[in-house]
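So you know, we letter chains A, B, ... as the sequences are listed, proteins then strands, and number each from 1. Values below: all heavy atoms of this structure, side chains included; hydrogens, waters and symmetry mates excluded.
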Protein chains: 2
Amino acid sequence: MLSKKTKYGLKALTYLAGQMDNKPVQIAEIAQHENISQKFLESILLSLRKTGFLGSKKGKGGGYYLIKNPKEILMTDVMRILEGPIAMVPCVSLNFYEKCSDCPDEKTCSVHALMLKVRDSALVVYRNNTLADLVIDRS
Amino acid sequence: MLSKKTKYGLKALTYLAGQMDNKPVQIAEIAQHENISQKFLESILLSLRKTGFLGSKKGKGGGYYLIKNPKEILMTDVMRILEGPIAMVPCVSLNFYEKCSDCPDEKTCSVHALMLKVRDSALVVYRNNTLADLVIDRS
DNA sequence: TGTTTACTCTATTAAAAAGATAGGGTAATA
DNA sequence: TATTACCCTATCTTTTTAATAGAGTAAACA
């Protein structure tokens with residue numbers, strides 16, 4: 001299941017990418033427009049800023065804005081920041097690999113083999129979709 | 001993240017499919033061989049029996065056994081029983097559809113559009129893999 | 001017929017994660 | 001210098017997951 005954090009994060013990014021200019025947008029505006037708890041959204045936008053997707057400006061007229069071109073923001077990167085591993089089990093994760101404690105051998109594990117295929121298919125989707133694609137899909 | 005329930009269920013099914021004959025196998029044997037909590041496995045196997053994947057036999061020489069041919073057990077069906085929806089959001093689920101309470105319009109929702117693609121890619125994998133494929137992969 | 005075996009079912013609980021909220025702090029702007 | 005709006009930490013509730021306990025019941029076999 002996709003977490004609310006990821007869902008909200010994607011919606012916020014899409015909202016920012018859909019702005020005509022790239023002027024700062026207040027958290028309150030995004031939260032209201034996308035039906036998101038403002039406080040929760042705060043922490044999400046903060047993590048997106050710390051990971052280099054967003055810039056922020058304080059004081060009057062402040063808010064968040066995109067740092068990169070939406071066409072250059074890959075869903076693989078966004079998903080990994082917001083949702084964590086794309087793989088469904090750590091033993092097939094590229095960026096968050098971890099050995100399964102209960103599994104004696106990955107090479108003979110049926111779950112491992114299946115989940116590898118699932119991960120690859122998800123990666124194809126995320127690699128072929130940028131934030132710009134999400135905005136276009138709205139029209 | 002894949003739940004332990006699903007992981008254990010898949011391993012148990014694979015173990016049963018890997019038996020030479022189709023005689024009942026005790027829960028204890030499966031649990032021991034696959035490093036699974038026996039009591040937890042009990043409930044998993046029970047749900048697989050109630051949904052028509054397994055048969056069971058009580059008393060001495062009893063246990064669980066596959067009802068269908070492994071080649072006819074699709075991963076789509078197994079995953080839906082064990083893990084639930086294949087979709088990451090209910091609004092793109094085929095078998096567990098539910099409208100998102102926070103989303104005014106699915107047609108203009110960027111998350112909806114992206115998750116639809118992810119679901120479709122996962123479905124391709126699950127539809128093209130049967131329990132028999134999992135067993136073969138072990139060799 | 002009685003004992004053993006092994007599945008069946010309900011209930012409880014512990015741990016973890018998700019989601020939401022509160023409130024004070026700080027930098028920038030007008 | 002007052003206001004705006006982001007920044008940060010802490011707390012709390014709810015839900016889900018995972019595991020455990022224990023009594024019940026059907027089948028097999030001597």
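When the P atom of C:dA6 is taken as reference, atom CG of B:L41 falls 15 Å away, rounded to whole Å. Computed from coordinates, the A:E42 CD to C:dG24 P distance equals 15 Å when rounded to whole Å. Atom CG in B:L2 sits about 11 Å away from atom P in D:dT17, given to the nearest Å. Rounded to an integer number of Å, the gap from CE of B:M1 to P of C:dA18 is 9 Å. The separation between B:Q38 atom CD and D:dA18 atom P is 19 Å, rounded to whole Å. As rounded to whole Å, 18 Å separates atom P of D:dG24 from atom CG of B:L46. Rounded to an integer number of Å, the gap from B:K5 NZ to D:dA19 P is 13 Å. Separating the CD atom of B:E29 from the C1' atom of C:dT5 is a distance of 15 Å, rounded to the nearest angstrom.
Among the nucleotides C:dA20, D:dC8, C:dT8, the one closest to any side-chain atom of A:F40 is C:dA20. With C:dA6, D:dA5, C:dG19 as the choices, the nucleotide that has an atom nearest any side-chain atom of A:Q26 turns out to be D:dA5. Distances from the side chain of A:K58 to the nucleotides D:dA18, C:dT8, D:dC7 place D:dC7 closest. Each of D:dA28, D:dC6, D:dA19 was ranked by its minimum atom distance to the side chain of B:K60; first place goes to D:dA28. Relative to the side chain of B:K4, the nucleotides D:dC7, C:dC9, D:dA18 differ in distance, and D:dA18 lies closest.
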### Trace of the side chain to side chain contact (heavy atoms under 4.5 Å, CB included) decision for B:L66 with B:I73
CA-CA 10 Å; B:L66 284 176; B:I73 299 180; 4.1 Å; yes
#### Entry: side chain to side chain donor-acceptor pair (under 3.5 Å) evaluation trace for A:S3 with A:E83
CA-CA 7 Å; A:S3 68; A:E83 189 75 5; 2.9 Å; yes
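Distances shown here put a side-chain N or O of B:Y8 below 4.0 Å from the OP1 or OP2 atom of D:dA19. Checking the phosphate oxygens (OP1, OP2) of D:dA10, no side-chain nitrogen or oxygen of A:K39 falls inside 4.0 Å. The side chain of B:S56 places no N or O atom within less than 4.0 Å of a non-bridging phosphate oxygen (OP1 or OP2) of C:dA6. Proximity of A:S37 to the phosphate of C:dT21: a side-chain N or O atom is located under 4.0 Å from OP1 or OP2. When the side-chain nitrogen and oxygen atoms of B:K57 are compared with OP1 and OP2 of C:dT8, none of them lie within a distance under 4.0 Å.
Here the shortest heavy-atom pairing between B:L41 and B:I27 reads CD2-O, 3.9 Å.
A:K7 comes within contact range of no nucleotide atom at all, as no heavy-atom separation falls under 4.0 Å. Contacts of A:I27 with the nucleic acid, taken as non-hydrogen atoms under 4.0 Å apart, involve only primed sugar atoms and P, OP1 or OP2.
Under the 3.5 Å distance criterion, the side-chain polar atoms of B:K99 are matched with a main-chain donor or acceptor of B:C103.
In this structure, B:H33 and B:Y15 have tilted ring planes: the angle between them lies in the 30° to 60° band.
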